[in-house]
Amino acid sequence: MVKNMNLEILAPCSDMPSLISAVRCGANAVYLGTKELNARRGAKNFDFDELKEAVAYAHARGVKVYVTLNTLVSDGELEAAYGIVKTALKCGADAFIVQDLGLAKMIRECFPKAKLHASTQCSVNTPDGFAALQKMGFSRAVLPREMSLDEIKEIRRSTDMELEIFVHGALCMCVSGQCYLSAMLGSRSGNRGLCAQPCRLNFSADGSNSCDLSLKDLSLISHIKEIENAGVISLKIEGRMKRPEYVAAAVTACKKAIEGAYSPADESVLKDVFSRSGFTDGYFTAKRTNMFGTRQKEDVISAQGVLKDLTKLYESETPLVPICFDFTCKAGEKMALTATARGRSVTVTADEPEKALNKPMTKESVAARLSKLGSTQYYIDKINITLDDGLISPASVINGMRRSAVEQLDKEGEGEIECSAFVPVTPRNSAASPYFTARFENAEQIPEEHEFRRIFLPIWCDTADFVKTGAGVEIPRGLFGMEEKLKTRLTELKESGVTMALCSNLGAYKTAEDLGFEVCGDYGLNIFNSLTAAQFNSPILSFELTLAQANKINARDCGIIAYGKLPLMLTRNCPVKNHMSCAECGKSGTLTDRKGYKFKVKCSSYPCVEILNPVPLYLGDKMNDIYCDFVHFYFTDEPKCEISHLVNMYKERRNISTNHTNGLYLRGVK
């Protein structure tokens, strides 16, 4: 029997066996995806009949079901997403985990009673970001895996939203929602649920063929008491691509930790069932050393020794749900049995009892029959019996009443839902002659006379550079624990006359807006559809869109990145530090992949580093095919003379002879 817990254990499910494993081992909630629009499209997932079965099974055992719609959604997919939400609500889904802000808007407007949980893919990492999510209708948010305990406490102090945290499972090198590596290298987008995990391959900072983008798996199970004290209410286990035994091990370990019984032996089992050279808690403890690891042969072999024992944890039904019986047996009346569990009650009746010729029923004999719950999920909480003297009824009748009552309690009827009709997005059909905007790495790159309507410099540039050039401020995507520093710096810039801000993060967008800046949305907001685009000013659309998709986005003043060495990763753990100190690196670090390409690692005074594509995106010869309002140039290490030449090439719509890429604008993502 599992005692009541305030903390929610949230388990991953790819199919019914993993769901059964999670529930029988003591999960309080599960999360799962349908066949479309979820971040683990490679998992088995659930069709709608299976979803109905899954929800009924879970609810009958007091377990909630959260449906993942945690990918970016195009305009053409919004109607399908609407259908998924409607069907899932009819099945009884308890909440939806969502990344795409346009999809969240549609759900909120069409299904006002649906609960929204913000995916960690939303990339929100500051108090203002969580405030923005709450204003958008989210009741819960999944914390970034990269947060320290102190940063989690800062978020808790700032919001009354429910907070959820990953406590076990795979750990990506990149901040969730900000990885474009798989998409750019092979058109398999992590933001679309098909990440190919190229980061697990050889990306070496010292030329040794090492894997400097591959982190060990996360495990915070030994820190669960600290997490609870920090005000987090849901403990999330990663692993919708994993087997049921993995789910069983992780759920059991979390349950033991909550009860104060987690031991080194339990951690050893977790390592055996799946790890990458062990586990790390480096982000949580703010001790980001020894975090890198790969899947070794011994990691694979060790799993074989624990699978059989783990299977035993869920091979039979676990009595998880308390049930109360009220039994009435009176002379001349039909017998009645009312069963109550999970806030529901059902009543079944049977024929009148007969007068006993020999041995009449007793309360004890009736209770014994009602207590035979066998291989169900119920255990007796209370039995109330009203019984006249001298009556008898066959044991089979009492048993039948008990079985019927339990079966009726288990039935999950199709829910009535409140919804309004979905109105498809009307594609934009007017062509524009795009104007130019740009961001520069430093003021020295900016030509004296240029064609850019808006220009931006990174926040760490000198204030004098902003004043001299009239540039707006580009705010970093990774702001973990630095919102107050950001506000101080933005206030300085505002007082110096800076009026515009370019923001790739929902929290930064709100912060800058509250301080009175004219704010523009940057690529890191992952704007993939018209409903998302309409929520931001002059947004730069996701560079995972095709040109055809971007051209149809129907929102005011939209643009695309048309030039630059695109940022493929935002990481809080510098891969170069695997081999050398910051002094040795001198801000000139690179990663070399197995094909010999060199990816620049760009650091700053803010908490994260960016990894850039080795060759620039170039669309100068495609300008006739671009119908957006503006094109944005993302300059990094180009000298001023080269920038002027590049701008002329775009104006003249010329081909380029040097090595370059068209990005994903022509080939798209899967």
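Looking at Arg453 and Thr437, their side chains never bring a donor and an acceptor atom within 3.5 Å of each other. Judged purely by distance below 3.5 Å, without hydrogens or angles, the side chains of Arg40 and Ser14 never pair a donor atom with an acceptor atom. For the residue pair Asp160 / Gln134, a side-chain donor-acceptor distance below 3.5 Å is found, with atom types taken as modelled. If you check the side chains of Glu8 and Ser234, you find a donor sitting under 3.5 Å from an acceptor. Side-chain polar atoms of Asp557 and Ser538 form a donor-acceptor pair below 3.5 angstrom. Side chains of Asn505 and Ser123: a donor-acceptor N/O pair is absent below 3.5 angstrom, by distance only. Using modelled atom types, one finds a donor on one side chain and an acceptor on the other under 3.5 Å when comparing Arg454 with Tyr435.
Counting heavy atoms from C-beta on, the side chains of Leu506 and Leu133 come closer than 4.5 Å. Tyr180 places a side-chain heavy atom less than 4.5 Å from the side chain of Asn526. Looking only at side-chain heavy atoms (C-beta outward), Leu51 and Thr34 come within less than 4.5 Å of each other.
Within a 6.0 Å radius of NZ in Lys86, other residues, nucleotides and ligands contribute 12 heavy atoms or fewer. Enclosure of atom NZ in Lys115 is not indicated, since only 12 or fewer non-hydrogen atoms of other residues, nucleotides or ligands lie within 6.0 angstrom. No more than 12 heavy atoms of other residues, nucleotides or ligands shown are found within 6.0 angstrom of NZ on Lys64.
Taking all atoms of both residues into account, the shortest heavy-atom contact from Gln445 to Glu638 is NE2-O, 2.8 Å.
Scored by the side-chain hydrogen bond (donor to acceptor under 3.5 Å, both in side chains) test, Lys510 finds Asp514 as partners (sequence neighbours excluded). For Lys105, the salt bridge (Lys or Arg N to Asp or Glu O under 4.0 Å) partners at least two apart in sequence or on another chain are Glu109. Every residue meeting the side-chain hydrogen bond (donor to acceptor under 3.5 Å, both in side chains) condition with Lys44, not counting sequence neighbours, appears here in chain and number order: Asp15. Every residue meeting the salt bridge (Lys or Arg N to Asp or Glu O under 4.0 Å) condition with Glu610, not counting sequence neighbours, appears here in chain and number order: Arg477, Lys602. Among residues two or more places apart in sequence or in another chain, the side-chain hydrogen bond (donor to acceptor under 3.5 Å, both in side chains) test is passed with Thr126 by Glu483. In terms of the salt bridge (Lys or Arg N to Asp or Glu O under 4.0 Å) criterion, residue partners of Glu162 (sequence neighbours excluded) are, by chain and number, Arg140. Contacts of Arg428 classified as salt bridge (Lys or Arg N to Asp or Glu O under 4.0 Å), with partners at least two apart in sequence or in another chain: Asp629. The ring-ring contact (aromatic ring centres under 6.0 Å, His included) check on Phe456 picks up nothing, with sequence neighbours excluded. By the side chain to side chain contact (heavy atoms under 4.5 Å, CB included) test, Pro616 is found to be paired with Tyr563, Lys565, residues two or more places apart in sequence or in another chain being considered.
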Practice item. Give the intermediate values and the outcome of ring-ring contact (aromatic ring centres under 6.0 Å, His included) for residues Phe96 and Tyr66. Key: CA-CA 6 Å; Phe96 297 90; Tyr66 307 144; 9.7 Å; no
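Counting only residues at least two apart or in different chains, ring-ring contact (aromatic ring centres under 6.0 Å, His included) contacts with residues 122-145 are absent. Identified under the side-chain hydrogen bond (donor to acceptor under 3.5 Å, both in side chains) test for residues 539-549, with sequence neighbours left out: Ser189-Glu544, Asn191-Glu544, Thr546-Gln549. Sorted by first and then second residue, the side-chain hydrogen bond (donor to acceptor under 3.5 Å, both in side chains) pairs involving residues 660-670 (not counting sequence neighbours) are Ser187-Arg667.
A side-chain donor-acceptor contact under 3.5 Å links Glu77 to the backbone of Ser74. At least one donor-acceptor pair closer than 3.5 Å links the side chain of Ser504 to the backbone N or O of Gly524.
Relative orientation of the Tyr606 and Trp460 rings is tilted, given thresholds of 30° and 60° on the angle between their planes.
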